[in-house]
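This report concerns only the one structure given below.
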Amino acid sequence: MSFAFPPTALPAKAEQLRAEVRAFLAEWGAGWTLLDRAHSWTRFDRDFSRAVGARGWIGMTWPTRYGGQARSSLERYVVLEEMLAAGAPVGAHWFGDRQSGPLLLRSGTEKQRVALLPRIVTGELAFCIGLSEPDSGSDLASLRTRATREGSGWRLDGTKVWTTNAHRSDYMIALVRTSPTGEGAPRQAGLTQFLIDLTLPGISIKPIADLTGEAHFNEVHFDGTIVDETMMIGREGEGWAQANAELAYERSGPDRYLSSFPVLQPALDRLGEDAERHDDDLGRLVARYATLRGMSVSTAGMLERGLEPLQEAALIKDLGVDLEQETPAMLADMLDIGPALPGDGGLEDALAFLTQTAPSFSLRGGTREIMRGMTARGLGLR
Amino acid sequence: MSDLLEMMLDQTDRLFGDHVDRQLLVEVEQGGWPSGLWAQVEAFGLPDALIVPAQDGGLSFAEAGALFASLGRHVVPLPVGETMLARMMLARAGVEAPVGPIALAAGGDQAFAAQGVGHVLVQRDGRWALEVQSGAALGSIARVPYAVAQGGKAIATHPIPDGLPDLLTLGAMLRASQMAGAVARVLEMAVDYANTRQQFGRPIGRFQAVQQLLARLAAEAAAGQAASDMAWSALDAGTLDHAGAIAKIRAGEAARIAATIGHQVHGAIGVTDEHMLHYVTRRLWTWRLEYGSERAWATRLGEAARREGDLWSFLTTRCGAAALEQLA
Ligand SMILES: Cc1cc2nc3c(=O)[nH]c(=O)nc-3n(C[C@H](O)[C@H](O)[C@H](O)COP(=O)(O)OP(=O)(O)OC[C@H]3O[C@@H](n4cnc5c(N)ncnc54)[C@H](O)[C@@H]3O)c2cc1C
């Protein structure tokens, strides 16, 4: 009944790769403020993504015939964790590398793979994830955006919301309803995934400002948008299972515990001599970060062995978001910084940003309560 | 894990499961010594399992970690892990081990001191010393006696060899694994109880509030186990560094949370003498305090991390996982 995370070895090659990534980041990161770094995978920089692509660090586990490097999930893991620890602006390629590409590899048509994967690899294409709707959050299967057959294509009507980076992306992978509910079939059965070119007519994308004053997510309307039938991913009615498998990739990565990490060392540096008084708190933090890192590497090992660690991913996300949520408040406390923000993109600004972003950590990608519900199911309680 | 090892762990797990019940625990807590169970432990060759080669049933540290977790799961009231680690220390120094169980003292020199435990291996600065267990026995939350090693004449003494951590760290890692095993037991008991206890016309496990508590408990169980397993694997690879501290801190935190949730889910019945739950939770509370509290370890770990001056490098190279990288 318990969930196992066996200690997993990163291959020796990974260390060399780590050094390469660090050197690359040292060069690119010279001009990043701490506030920039605190944005991490919500920061969108196509130039950076193209440079990462040029190094072969996007889609690196994918087959070479699609431009990938056929490297192991564990090598990829090292690249990811280095990027996140440094707070690199990975937003433009993050979803494609993490979710959309793997989804196309598993369920896409050969034509879709050939057309898109090589361009994801180069950092040229950005993806967004169209799951949530105004009336369908945690209860995703209740979603109502419709796709109805029209000629040799499908006509889309409805609204997606909270779609991160939709206003800057090339494609959305959307989960939509292809057969209505209430015919005795389970709601999940009528759902299908489509690949949507966001330049098509009948799509309007409206950024939604968030509490920080920035706008990362969007409301996306489909008003009679016609997508070609070749844009369906997998088979009609199988979208639910596909989307769930995709979420395992989303939830198990180091992005689920490192969001606040980039500010940690700078906060200690600021404390200087005073840091000594907080050794106890720091030690506890380190123990939690180190344990989560081990569990996260272990999950990467499971992916490498072809397993689908859905339960494990939910469990790590639950533990990880607690840690990344607690970190900024703890550091602000230690530093005893006042409320004034210099506006120089330094430590105060970065901590203020993270303090305001932290509530999202246990919402995006499935809420804490939903993650715990999944674990409860794994325990045989439902 | 090899088939042979799996079989052996299966057998010892069954041995403990069959023999360590409430009755035996009560006897031990009243001052008895389960000599029959100790004889079985010896018959399985456990005391020398860290000394003999693998083909003769010897264990790596990582494998021993799995055994230690099983000791914790069944709250085995014998110093099996301590004896294994003490005999390993003695063997490395070429010192013949005394017959019977050996306790490990470090951190205030307190050691488990049940009747049958005649010897204690004590940390004395950078050395270990083998002494006759002679201190006055004190009570504990686990209701087993603890004694303060008296520093009597050492039967043998030797520096802690290179490549091995001191007794405090080994003891901490042992307790971390035992706590992880016992936390898994609490989870198991709580889930079983939640599935059977009915209130408001349904099993309490159907209530989401209870499910959320149990999910949290499961996450803690997994984290404590992962941290302890990583430490033993790192020790095998020869670069333990701070992984032992991390294991004790993380498993201790899991123990604290697990005891709280375990009792909450069990309601009043769980705090009755008659119930098995407190035989597990009282040990969790005791083990947290042994071989350095979480705060004591965290202060040291925090100091080391602060001095490193680069937290990310500290996490990736000094916390055990790096050792694993070299294994591959
Ligand atoms: C920063 C950010 C970025 C996001 N990016 C994307 C994106 O790119 N694409 C996308 O599709 N979505 C995205 N989302 C949406 C995200 O997936 C949803 O917010 C999430 O699924 C929760 O849905 P909701 O916000 O409607 O909350 P609700 O589902 O309404 O939940 C509100 C509260 O009720 C609780 N709750 C709901 N149902 C239950 C239940 N059955 N049991 C117990 N508690 C329950 C929830 O846990 C939560 O605490 C993003 C969200 C955020 C905050």
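Note that this is a predicted model, so its numbers are computed, not measured. Numbers restart at 1 for each chain; the letters A, B, ... are given by sequence-line order, proteins then strands.
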When the 4.5 angstrom heavy-atom criterion is applied to A:Arg377 and chain B, the contacting part is neither
Between B:Arg206, B:His242, B:Gln225, the one whose heavy-atom pairs under 4.5 Å with chain A are most numerous: B:Arg206
Is there a side-chain contact between B:Thr316 and A:Glu81 in this structure, where contact means two heavy atoms from C-beta onward sitting under 4.5 Å apart? yes
Below 4.5 Å, heavy-atom pairs only: which of B:Ala219, B:Ala247, B:Ala62, B:Pro203 has the largest tally toward chain A? B:Ala219
Checking heavy atoms, do the side chain of B:Leu214, its backbone, both or neither come under 4.5 Å from chain A? both
Are A:Glu82 and B:Trp312 linked by a side-chain donor-acceptor pair shorter than 3.5 Å? yes
Side chain, backbone, both or neither: which part of B:Gln208 has a non-hydrogen atom closer than 4.5 Å to chain A? side chain
Per-residue contact mode, B:Ala221 against chain A (heavy atom under 4.5 angstrom): neither
Taking atom OG1 of A:Thr291 and atom CG of B:Asp229, what is their separation to the nearest 0.5 Å? 11.0 Å
Sort out for me which of B:Arg295, B:Arg250, B:Arg300 touches chain A most, counting heavy-atom pairs under 4.5 Å. B:Arg295
Residues B:Ala222 and A:Leu315: closest non-hydrogen pair is CB-CD2, 3.9 Å
So which atom in A:Ala376 and which in B:Ala215 form the shortest heavy-atom distance, rounded to 0.1 Å? N-CB, 4.3 Å
Value rounded to 0.5 Å, distance of CD in A:Glu15 from OG1 in B:Thr317: 8.5 Å
What residue, out of A:Asp322, A:Leu268, A:Asp318, A:Val286, has the most heavy-atom pairs lying under 4.5 Å from chain B? A:Val286
Scored by heavy-atom pairs under 4.5 Å with chain A, the best of B:Ala245, B:Ala296, B:Gly309, B:Ala305 is B:Gly309
Region of B:Gln212 that comes under 4.5 Å of a non-hydrogen atom in chain A: both
Can you give me the closest heavy-atom contact between B:Leu301 and A:Gly283, atom names plus distance? CD2-O, 3.3 Å
Shortest non-hydrogen contact from B:Ala194 to A:Leu381? CB-CD2, 4.1 Å
Is A:Leu258 in contact with chain B via its backbone, its side chain, both, or neither, using a 4.5 Å heavy-atom distance? side chain
Of all the heavy-atom pairs spanning A:Gly294 and B:Met230, show the shortest one and how long it is. CA-SD, 3.5 Å
When only pairs under 4.5 Å are counted, which of A:Arg382, A:His278, A:Met374, A:Arg288 shares the most heavy-atom pairs with chain B? A:Arg382
If you look at every heavy atom in A:Ala287 and B:Ile246, which pair is closest and at what distance? O-CG2, 3.8 Å
Distance check, rounded to the nearest 0.5 Å: B:Leu187 atom CG versus A:Phe3 atom CZ? 8.0 Å
Ranking A:Ala86, A:Pro6, A:Ala314, A:Ala275 by heavy-atom pairs under 4.5 Å to chain B gives rank one to A:Ala275
Greater than 12 external heavy atoms within 6.0 Å of A:Gln16's CD: no
Interface moiety of A:Leu319 toward chain B, non-hydrogen atoms closer than 4.5 Å: side chain
Which distance, rounded to the nearest 0.5 Å, do you find between the CG of A:Leu285 and the CG of B:Leu311? 8.5 Å
Step by step, work out the side-chain contact (heavy atoms from CB on, under 4.5 Å) result for A:Arg372 and B:Gln211. CA-CA 8 Å; A:Arg372 291 191 181 170; B:Gln211 294 180 354; over 6 Å; no
For chain B, which of A:Arg22, A:Met371, A:Arg368, A:Lys13 has the most heavy-atom pairs under 4.5 Å? A:Arg22
Less than 4.5 Å apart, any side-chain heavy atom of A:Glu276 and any of B:Glu303? no
Between B:Arg306 (side chain) and A:Leu282 (backbone), is there a donor-acceptor pair under 3.5 Å? no
